[in-house]
Participant: 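Take this structure, written in structure tokens, and hold onto it; I'll ask about it next.
Order of appearance sets the numbers: ligands from 1, and atoms from 1 within every ligand. Not measured: the values here are computed from a predicted model.
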Amino acid sequence: MRLFVNVDHVATIREARKTVEPDPLEAAILAEKAGADGITVHLREDRRHIQDLDVQRIRRGISTPMNLEMAAVEEMVRLALEIEPHQVSLVPENRLEITTEGGLDVIGHRERLIEIRDRLKPAGILFSLFVDPDRLQIDAAKEIGADSIEINTGSYSECREPDALEIELEKIRVAAGHAAQSGLRVFAGHGLTRENVGAISAIESIEELNIGHHIVSRAVFVGMQQAVEEMLLAMRPVIK
Ligand code: PXP
């Protein structure tokens, strides 16, 4: 399973002082050295962490693919067409949220998403949608021609109670299997840690994970390279 490292929160630390360090590009290069398969950045409309210049520098400075997470708004579509990342992942965005709070309502925004698809895909940019583990939303993603979905693992990651955790995990397993069978490529992410990632990386239909906050948090103590290496190890199947 591939690991895309989200370096947003390196920029969060920099923005706390509005200075030049730490540099998310430097973090991205270290993540690649440790074996990351790609780099993810979320350019939020409020620019609370990653800035436009970061996206340009990271696009040019890394040797693995870049996944650009963004809201389905005109400003971001224009930027994506300029920067030409390997892939765009559309996410819902709410200015007051601390982090992305749920998956996209693909059914409710069908027309808008088709319009964006028709601009990104001809430019050779893969078109991915962040969705909850919900069959109807996944079917809608397939129907509008998404290349892939990223399943929101947020509810699973927040579970503290074993029975509830198993229920959330089963939802992800079923949703991932259904999406893969319908021909979508399946990714997952949000809130994953070394402790909870094993059950997700054991799901065969999931190809790729996006992990950020936990890796950056760990990197504060052990460095980016070790934090990524530890995550890759935690993603390896457990041989019983
Ligand atoms: N996937 C999406 C769509 C996200 O918005 C985020 C957070 O920016 C992530 C994955 C990574 O989540 P985390 O930082 O909790 O690992």
Participant: Around atom CZ of Arg119, are there more than 12 heavy atoms from other residues, nucleotides or ligands closer than 6.0 Å?
Facilitator: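 It does: Arg119 CZ has more than 12 such atoms within range.
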Participant: Would one find more than 12 heavy atoms of other residues, nucleotides or ligands at under 6.0 Å from atom CZ of Arg78?
Facilitator: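 No, because the 6.0 Å sphere around CZ of Arg78 holds 12 heavy atoms or fewer from other groups.
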Participant: Check salt bridge (Lys or Arg N to Asp or Glu O under 4.0 Å) between Lys121 and all other residues, then give those that pass, not counting sequence neighbours.
Facilitator: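 Scan of Lys121 (salt bridge (Lys or Arg N to Asp or Glu O under 4.0 Å), adjacent residues dropped) gives Asp147.
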Participant: Side chain or backbone, does His9 bring an N or O within less than 3.5 Å of an N or O on ligand 1?
Facilitator: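 Between His9 and ligand 1, no N or O pair is found under 3.5 Å apart.
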Participant: Using a strict 4.0 Å cut-off to heavy atoms of Val91, name the atoms of ligand 1 that fall inside it.
Facilitator: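 Those of ligand 1 that fall under 4.0 Å from Val91 are 3 (C).
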Participant: Pick from Glu69, His190, Glu150: which one makes a side-chain hydrogen bond (donor to acceptor under 3.5 Å, both in side chains) with Asn210?
Facilitator: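 That would be Glu150.
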Participant: So for ligand 1, is Gly191 a polar contact partner (N or O within less than 3.5 Å, distance only)?
Facilitator: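 Between Gly191 and ligand 1 (N or O atoms, distance only) the closest approach is under 3.5 Å.
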Participant: I need the atoms of ligand 1 closer than 4.0 Å to a non-hydrogen atom of Asn6, numbered in the order shown.
Facilitator: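 Answer, ordered by atom number: 8 (O).
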Participant: Please list the nearest protein heavy atom to atom 10 (C) of ligand 1 with its residue and the distance rounded to 0.1 Å.
Facilitator: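 Going by distance alone, atom 10 (C) of ligand 1 is nearest to Glu150 OE2, 3.3 Å.
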Participant: At what distance is the nearest protein heavy atom to atom 2 (C) of ligand 1, and which residue and atom is it?
Facilitator: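 Protein heavy atom at minimum distance: Glu69 OE2, 3.0 Å.
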Participant: Just how far is it from atom OG of Ser89 to atom CZ of Phe4, taken to the nearest 0.5 Å?
Facilitator: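 CZ of Phe4 is found 9.0 Å from OG of Ser89.
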Participant: Does the N or O separation between Gly189 and ligand 1 drop below 3.5 Å for any pair?
Facilitator: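 No - when backbone and side-chain N and O of Gly189 are compared with those of ligand 1, no distance drops under 3.5 Å.
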Participant: Where is the nearest protein heavy atom to atom 5 (O) of ligand 1: which residue, which atom, and how far?
Facilitator: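 Atom 5 (O) of ligand 1 sits closest to the protein heavy atom Thr100 OG1, 2.8 Å.
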Participant: Among Thr153, Asn6, Asp37, Val197, find the one that has a side chain to side chain contact (heavy atoms under 4.5 Å, CB included) with Leu209.
Facilitator: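 Answer after filtering Thr153, Asn6, Asp37, Val197: Val197.
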Participant: I need the nearest protein heavy-atom contact for atom 12 (O) of ligand 1: residue, atom name and distance, please.
Facilitator: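 Here the nearest protein heavy atom works out to His190 CA, 3.5 Å.
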Participant: Quick check on His214 - does any of its heavy atoms sit under 4.0 Å from an atom of ligand 1?
Facilitator: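 The answer is no, since His214 has no heavy atom less than 4.0 Å from ligand 1.
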Participant: With a 6.0 Å cut-off (strictly less than), is the heavy-atom count around CD of Glu195, excluding the residue itself, greater than 12?
Facilitator: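 Yes - once you tally the heavy atoms of other residues, nucleotides and ligands closer than 6.0 Å, there are more than 12.
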Participant: Under 4.0 Å from a heavy atom of Asn210: which atoms of ligand 1 are those, numbered in the order shown and with their elements?
Facilitator: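 That gives atoms 10 (C), 11 (C) of ligand 1.
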Participant: Say you draw a straight line from NE2 of His109 to CD1 of Ile114; how long is it, rounded to the nearest 0.5 Å?
Facilitator: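 The CD1 atom of Ile114 is 13.0 Å from NE2 of His109, to the nearest 0.5 Å.
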Participant: Please report the interatomic distance CD1(Ile125) to NE2(His86), rounded to the nearest 0.5 Å.
Facilitator: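 Nearest 0.5 Å value for the CD1-NE2 distance: 11.0 Å.
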Participant: Short list, please: which atoms of ligand 1 are under 4.0 Å from a heavy atom of His213?
Facilitator: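 Those of ligand 1 that fall under 4.0 Å from His213 are 13 (P), 14 (O), 16 (O).
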Participant: Identify, for atom 16 (O) of ligand 1, the protein heavy atom at the shortest distance, and state residue, atom and that distance.
Facilitator: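 Checked against all protein heavy atoms, atom 16 (O) of ligand 1 sits closest to Gly212 N, 2.8 Å.
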